[in-house]
Amino acid sequence: MDFNLLVGGQAGQGLKTVNSILGKVLFREGFNIFSSSDFMSRIRGGHNFMQLRISDQKLYGPDNEIDLLIALDKKTAKIHKEQLKEDGIVLIDGKSEIIDSRAILVPASVIANDINPKGINTVFVGATLKMMGLDLENAEEILPDFFVDEILEDNIKLLRRGYKAVEKIYDNLKKNVTGKEPEIFIDGNSALGYGALSGGLSFYSAYPMSPSTGIMNFLAQQQKDYDLVVEQAEDELAAVNMAMGGSYTGIRSMSGTSGGGLALMNEAIGMAGISEIPLVVADVQRPGPATGLPTRTEQGDLLFAVNTAQGEFPLMVIAPRDHKDLFYSSFRALNIADEYQIPVILLSDQFNADSSKNIPEFDFESLEIKRNLIKKADYGKKEYKRYEFTDDGISPRAYPGQLEDGLVLIDSDEHDEKGHIVEDGEMRKRMVDKRACKLEKLIEKDLNEPEYFGEEDIEYLLITWGSSYGPAREAFQLLQADGIKVGLLSFNDVWPLPKNKLKNLAERVELVTVEMNSTAQFKSLIASETLLDVEHDILKYSGRPFTGKEIYNRFLDEVIDNG
Amino acid sequence: MDFNLLVGGQAGQGLKTVNSILGKVLFREGFNIFSSSDFMSRIRGGHNFMQLRISDQKLYGPDNEIDLLIALDKKTAKIHKEQLKEDGIVLIDGKSEIIDSRAILVPASVIANDINPKGINTVFVGATLKMMGLDLENAEEILPDFFVDEILEDNIKLLRRGYKAVEKIYDNLKKNVTGKEPEIFIDGNSALGYGALSGGLSFYSAYPMSPSTGIMNFLAQQQKDYDLVVEQAEDELAAVNMAMGGSYTGIRSMSGTSGGGLALMNEAIGMAGISEIPLVVADVQRPGPATGLPTRTEQGDLLFAVNTAQGEFPLMVIAPRDHKDLFYSSFRALNIADEYQIPVILLSDQFNADSSKNIPEFDFESLEIKRNLIKKADYGKKEYKRYEFTDDGISPRAYPGQLEDGLVLIDSDEHDEKGHIVEDGEMRKRMVDKRACKLEKLIEKDLNEPEYFGEEDIEYLLITWGSSYGPAREAFQLLQADGIKVGLLSFNDVWPLPKNKLKNLAERVELVTVEMNSTAQFKSLIASETLLDVEHDILKYSGRPFTGKEIYNRFLDEVIDNG
Amino acid sequence: MVNEQEFTIAAETAWCPGCGNFPLRKALSEALQEMDLKPSQVAIFSGIGQAAKVPHYIKTNGFNGLHGRSLPPAIGARVGNHKLKVIVESGDGCTYGEGGNHILHNIRRNPDLVHLVHDNQIYGLTKGQASPTSEESIKTGIQVEGTTSEPFKPIQFAVGMEASFVARSFVGRQDHLKEMIQRAMKHRGYALIDILQPCVSFNKINTYQWYDKRVYRLSEDYDPTNLDEAFKKSREWGDNIPIGVIYKNEKKTFRDRLLLEDDQPLVEKEFESGDADKIMEKFK
Amino acid sequence: MVNEQEFTIAAETAWCPGCGNFPLRKALSEALQEMDLKPSQVAIFSGIGQAAKVPHYIKTNGFNGLHGRSLPPAIGARVGNHKLKVIVESGDGCTYGEGGNHILHNIRRNPDLVHLVHDNQIYGLTKGQASPTSEESIKTGIQVEGTTSEPFKPIQFAVGMEASFVARSFVGRQDHLKEMIQRAMKHRGYALIDILQPCVSFNKINTYQWYDKRVYRLSEDYDPTNLDEAFKKSREWGDNIPIGVIYKNEKKTFRDRLLLEDDQPLVEKEFESGDADKIMEKFK
Ligand SMILES: Cc1ncc(C[n+]2csc(CCOP(=O)(O)OP(=O)(O)O)c2C)c(N)n1
Ligand SMILES: Cc1ncc(C[n+]2csc(CCOP(=O)(O)OP(=O)(O)O)c2C)c(N)n1
Ligand code: SF4
Ligand code: SF4
Ligand SMILES: [Mg+2]
Ligand SMILES: [Mg+2]
């Protein structure tokens with residue numbers, strides 16, 4: 001069972017509410033669910049839409065063929081008509097002209113005018129639930145999360161009236177019921193923020209920027225319950241340098257932004273490199289360059305992130321592949337930043353950020369916070385040197401005030417073991433080597449090889465990094481079902497690039513990267529790091545995410561037919 | 001003949017004056033000359049030195065074995081003693097203790113106390129000229145360029161007294177006299193600035209940053225004679241955005257900085273990419289990351305420059321190989337920026353910037369400024385569209401006010417042909433392709449293949465980019481003289497990477513990059529662009545430039561012995 | 001009166017119905033029209049935000065640049081072609097937040113341009129975070145219990161810095177706003193107008209009504225050239241908010257300080273590479 | 001008196017002989033010493049420049065950060081461990097030029113820290129370009145005929161913004177400077193001291209003598225809590241330059257506005273990942 005619902009309308013019509021309530025109800029009902037959104041960079045008007053895909057099978061991404069189109073305005077019906085399946089249905093406001101024979105009318109504006117003219121959207125929720133054969137219990141339970149007291153009653157009424165206004169239509173919607181672990185339904189930005197919070201984040205300083213602001217929103221809400229400070233900085237330069245200051249004093253600190261903000265944070269990320277201050281920065285990518293398409297998705301910042309900042313220094317870049325991974329990756333990023341005293345960039349994107357998915361509850365038992373700070377007891381009268389040379393390049397880290405006699409001096413210039421500016425070439429060389437050494441250790445000890453899906457014996461290997469995993473995973477299954485000998489390699493750690501699995505697999509197969517950008521950046525990275533020739537790339541750069549079927553079809557066209 | 005002179009002392013002792021006067025005199029005398037400097041990031045004290053190497057043969061870089069060591073303080077003699085050739089000589093102030101048997105005393109402080117206590121350095125100039133067997137004519141002619149009227153007389157006296165105080169020593173200094181074209185003696189920053197000025201630069205906006213400030217200094221001095229505005233901005237963000245504004249209104253505009261400043265200019269460079277505003281930015285590299293070593297040299301910004309800014313857009317990166325090239329490259333950069341309406345990064349470095357060399361006079365006849373602006377006459381009533389789709393992706397460029405009825409609208413968001421914000425995926429895709437198309441044309445029409453030096457039949461290929469050319473060129477000659485079958489490929493255009501010559505040569509030989517960085521960035525770039533395996537890299541990252549002999553020795557050790 | 005609607009574009013905007021940006025645009029285009037300017041003689045520079053979309057919705061040359069960077073490219077334009085009428089226009093967040101350093105230093109630079117700040121006391125485009133000018137008590141998704149800073153006071157700041165022309169207006173006072181814009185256009189030097197512009201979607205405190213009740217025109221005998229008085233006046237906020245030219249001070253402009261020889265715009269000058277060859281003498 | 005020279009480092013500095021940074025450092029280390037502080041209780045945050053090298057030449061914790069970014073990491077430190085005494089110290093270029101936006105917004109944020117600006121009216125480390133505070137008439141390699149802007153006036157600016165504590169001192173008045181530092185340290189909130197600090201290498205206008213002739217102490221009866229008077233006083237410059245606390249105004253600090261529960265520094269708090277599991281309820 002694979003059922004796809006699209007809710008569309010103008011910005012400001014309360015689409016997000018419809019989507020969120022329906023999403024949560026369907027989640028509680030026990031469906032697998034993938035919810036994604038397509039927003040314009042404006043507050044009202046225009047055309048926005050959200051997709052809710054449900055199934056009894058696991059879902060990895062959106063689909064563009066629609067079963068049920070919920071049109072909050074006329075434009076929606078027009079724009080998305082083409083996507084409607086043969087047996088698809090359009091749910092539309094009663095006063096609208098019927099532009100499609102498959103339309104079902106709901107007198108939404110009439111009902112709303114009766115009760116509360118702003119509540120058209122809630123009527124649609126009620127009607128949709130009825131059509132899907134679900135009851136109102138879950139919806140009514142959820143409603144208080146979305147409406148303040150004054151309008152709650154109205155909305156319950158609106159919901160019920162909508163419910164009554166139409167008939168049940170679908171009766172074969174299958175839920176995922178067998179042996180399910182406890183699950184949550186979460187969006188990508190919250191998952192990322194949640195992972196950081198679970199890692200003991202004490203300070204998040206950022207400047208609002210779509211599509212990263214959701215991380216800050218999530219964390220800001222937690223301030224009352226946790227020892228956490230969320231500060232909106234005057235600009236990104238302040239944001240990232242504040243985080244470094246926090247980290248210097250010993251607390252876990254992080255910043256987040258999108259590419260344009262990352263461009264302003266570069267210099268500081270380099271500083272975290274040379275001054276060995278743990279720093280985590282999330283870059284939630286959107287199509288660039290410059291302002292680009294603020295509310296759309298792309299994976300165009302890879303090489304920029306990997307080559308962030310002038311000069312050379314150890315850096316890790318992690319591109320979480322999905323919602324579960326977003327949580328565990330940001331938790332892990334904080335550990336790695338602390339362990340190696342380096343900057344870590346979390347490379348998410350709008351597709352990750354603004355979509356929601358049901359995933360297993362997070363396993364807090366498995367989480368271990370590793371601060372890698374010195375123990376005060378070890379430093380009686382021993383002199384403290386912030387950049388002490390050690391075998392693995394990692395110096396003992398104290399925070400200011402921790403030691404009564406030890407001072408912590410950090411520097412953005414090249415420096416000696418005590419942190420003082422130096423200019424001599426020998427010390428420069430040793431310090432560069434010291435820092436490089438940390439990355440060596442990270443590669444040996446903490447780098448995650450990509451995850452492989454597929455049989456031993458394959459002819460093609462799909463390669464993804466970050467969020468293109470989801471749609472590619474679906475394509476992989478479709479291709480497999482066709483009997484094509486294909487495997488899927490999904491990279492999460494992208495810098496340093498883990499090479500072993502890729503090299504092993506590459507020997508006998510044709511390589512295909514699947515990337516949301518126009519220049520196949522991951523293909524370049526693979527070439528520069530492994531000299532492997534990736535024969536094909538399936539690229540997309542319209543700002544809209546891939547669907548599994550799209551990759552499947554393009555694979556057949558571009559890889560097999562041109563093979 | 002190869003004679004190497006080192007002047008050392010504390011910051012503030014007037015070293016630069018000694019060096020500049022000697023340099024110019026030796027140039028006028030007809031020697032080939034390479035002058036380089038080693039400065040600390042401070043104003044007084046410490047230890048600085050400058051090297052003047054002269055020869056009758058062409059010179060490409062500095063040498064570290066010293067013939068004549070001019071020690072303005074005791075430290076200098078100590079520090080550089082080891083570098084002194086067997087028959088080397090130390091010229092030292094009379095009141096110093098003699099720390100080396102090869103010392104010759106000049107009573108510099110005594111003389112200076114007589115005439116002007118601040119003039120010790122000028123006494124040394126006089127003494128040096130005498131030892132080298134040169135007369136005072138050139139020096140006295142030059143002196144007014146260095147000293148204001150009030151102290152000019154004193155300095156002439158100091159010079160003469162110094163001259164009288166020692167004996168002639170060298171009598172085999174050979175000049176380069178045969179068939180010489182007219183030449184100039186110029187430093188790298190001035191050459192770069194001069195090239196831009198010759199390209200019709202009207203506006204240079206920058207924020208001071210070593211080692212790039214010399215460009216701004218050079219240009220600021222020209223303001224009285226040319227229609228040029230040099231503006232010191234409040235920060236690099238302002239600097240680069242100002243330049244874009246200038247360029248938008250139709251004048252040639254440029255900014256310059258070092259890596260830390262480039263990190264702040266990224267977002268704007270990306271904007272120049274998407275909004276198709278011609279923009280030239282010079283990055284005069286120093287060792288990074290962050291503050292690093294402000295007055296030293298490195299080639300550590302290559303991949304950062306190539307991958308500047310989030311997102312994808314056409315960009316060119318040119319790394320001038322030497323002083324002649326610095327001039328022609330910045331001239332050319334302005335042409336290319338205008339022709340393709342793209343950002344161009346000039347990647348120089350401190351070694352280029354702060355060294356001086358004799359080179360042929362610039363050939364102004366060969367320079368042709370190509371603005372690529374529309375002709376007003378072509379636009380009668382035709383509607384003007386800033387981003388009009390064309391075959392080669394290059395849209396007709398007008399400036400605001402140029403057309404009575406045409407308006408010029410540029411945008412950092414994705415946009416349509418008229419410059420208005422768009423969000424639809426199809427237009428996005430077309431615009432990305434349009435911009436990419438320009439780079440295709442550039443590659444075909446305007447990309448310079450690297451210069452090759454050597455025979456047809458080689459076993460090893462030295463590969464350099466930018467300024468490592470000079471020392472590598474010397475090493476290449478030394479290796480050739482040893483009968484080693486080696487060639488040298490010197491890249492000037494580094495992005496897009498010209499591949500033809502390299503691929504042709506690579507077939508039969510071992511590849512060796514020579515780079516001033518610790519991670520062999522050019523090797524990575526070659527790998528990602530050509531899949532060629534560069535077997536060796538000769539790297540240096542102490543902040544000090546290579547010498548030819550050093551590369552030569554390391555080649556023997558690291559390439560041949562480990563071959 | 002010139003050709004009506006010379007500066008008006010019919011295209012749909014991305015602004016919310018009822019937004020204060022509409023009346024602002026109206027006042028601006030009428031002001032320009034009445035001043036006998038042609039669209040091609042004017043260039044508007046903006047950053048990023050809802051306000052910053054103005055160049056798309058009005059018929060002039062336009063430079064829709066980066067968030068926070070509306071002022072610097074306008075300086076470049078003053079260098080390239082000082083015959084263009086330059087208007088800088090952006091939101092409160094873009095101007096006073098991300099772009100704070102540029103307004104600080106351009107007050108010192110005193111370029112001859114008009115700076116219109118759409119001050120809705122909120123980050124509109126990014127969906128309602130506090131901006132530098134937001135009231136301390138505002139609650140948003142980020143500022144869950146209000147801001148962690150005092151509000152930035154643009155007029156007080158600009159008067160405190162002795163900016164050349166400092167005014168406040170309100171989109172709910174069309175004639176006043178138009179007059180302010182025209183006076184600013186005629187002023188020689190940097191002219192800032194902080195324009196109260198309600199955001200109907202996110203700012204539930206500073207609404208049309210809120211401003212409407214509070215703003216009052218400066219009296220006829222108010223002397224905007226008296227700095228001390230202006231500094232006092234600049235601090236009035238709350239129940240009574242003065243609109244008008246709060247401070248004025250004619251002084252040397254940026255262009256006055258450049259070393260250019262004549263009045264011909266740089267963009268119109270001819271240059272031959274050979275003109276530069278004489279510099280070689282310096283290197284001989 | 002505590003252990004003499006507790007805050008003094010013997011190491012060689014990169015400063016020029018005679019530089020005003022030496023007496024500034026002396027006043028600072030004596031001030032700290034007299035306040036019974038231990039080096040490990042103090043952290044100095046600086047940017048890049050000659051002044052910014054201070055953390056290397058004095059015995060405290062030190063954060064020698066990026067050019068222009070001395071203030072932001074200090075805010076991070078206020079979050080992480082408010083028991084540390086935080087001093088921000090950098091040059092005029094670093095603070096008012098590259099870092100202008102941070103001082104603008106930290107006046108609003110009002111963090112409890114002391115901000116010492118070494119104001120030599122020049123870019124020292126980069127060899128003598130005009131800084132924001134340079135006199136208009138200064139001639140440098142870049143400013144060949146003087147600056148293209150009016151000088152930035154730090155005190156006027158800070159008073160205009162109603163910063164919490166605004167003072168000026170001069171390194172040639174050791175006792176005064178020490179007193180100012182100590183008063184700033186005791187002040188609750190953001191305390192700015194603009195310190196006149198001759199640069200003997202590059203600033204040939206504002207020399208020791210130049211300042212010496214001009215500075216005068218504020219009279220005993222000067223009331224720094226009167227904003228209008230302070231604004232007048234803040235504009236005195238030229239033949240008579242007042243030193244002392246020009247303006248003072250105790251108000252809510254940054255930390256007062258945070259939503260933290262108790263006074264324990266965040267760096268000392270214990271946290272277990274499991275504490276966060278209850279948030280999952282929200283997503284069910
Ligand atoms: C470097 C950068 N940081 C952040 C953003 C995101 N951003 C876009 S508009 C905006 C705020 C807009 O507020 P304001 O300037 O007040 O304009 P308004 O939308 O209220 O008119 C922000 C933070 C961006 N585009 N670029
Ligand atoms: C991003 C960046 N831009 C520019 C520089 C170069 N720079 C270093 S110090 C300095 C100016 C220093 O002036 P000031 O802050 O007044 O300190 P001073 O040396 O006078 O004490 C500049 C421009 C830099 N290090 N980083
Ligand atoms: S969000 Fe606010 S400022 Fe932006 S268009 Fe809507 S009402 Fe206007
Ligand atoms: S350059 Fe000036 S400020 Fe810097 S150390 Fe020397 S005298 Fe002091
Ligand atoms: Mg706003
Ligand atoms: Mg200074």
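By convention in this document, chain letters (A, B, ...) are assigned in the order of the sequence lines, proteins followed by strands, and residues within each chain are numbered from 1.
Comparing A:Gln285, A:Arg286, A:Glu414 by how many heavy-atom pairs each has under 4.5 Å with chain B, the most go to A:Glu414. Among the candidates B:Ala290, B:Gly46, B:Pro294, B:Pro289, the residue making the largest number of heavy-atom pairs closer than 4.5 Å to chain A is B:Pro289. Interface remark: of the candidates B:Arg296, B:Gln310, B:Glu267, B:Gln310 forms the most heavy-atom pairs closer than 4.5 Å to chain A. If you tally non-hydrogen atom pairs under 4.5 Å between each of A:Ile526, A:Asp413, A:Asp533 and chain B, the highest count goes to A:Asp413. With chain B as partner, the option from A:Val432, A:Thr519, A:Leu525 having the largest number of non-hydrogen pairs under 4.5 angstrom is A:Thr519. In terms of heavy-atom pairs under 4.5 angstrom with chain B, the leader among A:Leu532, A:Asp283, A:Asp433 is A:Asp433. The most heavy-atom pairs under 4.5 Å with chain B, out of A:Thr295, A:Leu262, A:Asn517, A:Val306, come from A:Asn517. Highest contact tally toward chain B, considering only A:Ala309, A:Gly288, A:Ser258, A:Gly300, is held by A:Ala309 [criterion: heavy-atom pairs under 4.5 Å].
Near-neighbour residues of residues 268-276 of chain B relative to chain A, defined by a heavy atom under 4.5 Å from a heavy atom of that chain, comprise B:Gly270, B:Met271, B:Ile274.
A distance of 10.0 Å separates CZ of B:Arg544 from CZ of A:Arg428, quoted to the nearest 0.5 Å. How far CG of B:Leu264 is from CE of A:Met265: 12.5 Å, rounded to the nearest 0.5 Å. B:Ile421 CD1 to A:Met40 CE: the interatomic distance, rounded to the nearest 0.5 Å, is 9.5 Å. Within the model, atoms OG of A:Ser524 and CG of B:Asn307 stand 8.5 Å from one another, a figure rounded to the nearest 0.5 Å.
Contacts between B:Glu298 and chain A at a heavy-atom distance below 4.5 Å involve the side chain alone, from C-beta outward. Only the side chain of B:Leu237 comes within contact range of chain A, with at least one heavy atom under 4.5 Å from a heavy atom of that chain. For chain A, the nearby part of B:Val422 is the backbone; its heavy atoms alone come within less than 4.5 Å. Contact of B:Leu531 with chain A is made through backbone and side chain together, with heavy-atom distances under 4.5 Å.
The two residues B:Ala527 and A:Ser528 make their nearest non-hydrogen contact at CB-CA, 3.7 Å. Scanning all heavy atoms of the two residues, the minimum distance from A:Leu293 to B:Glu423 falls at CD2-CA, 3.8 Å.
For the 3.5 Å distance criterion, the side chains of A:Thr291 and B:Ser412 qualify, holding a donor opposite an acceptor.
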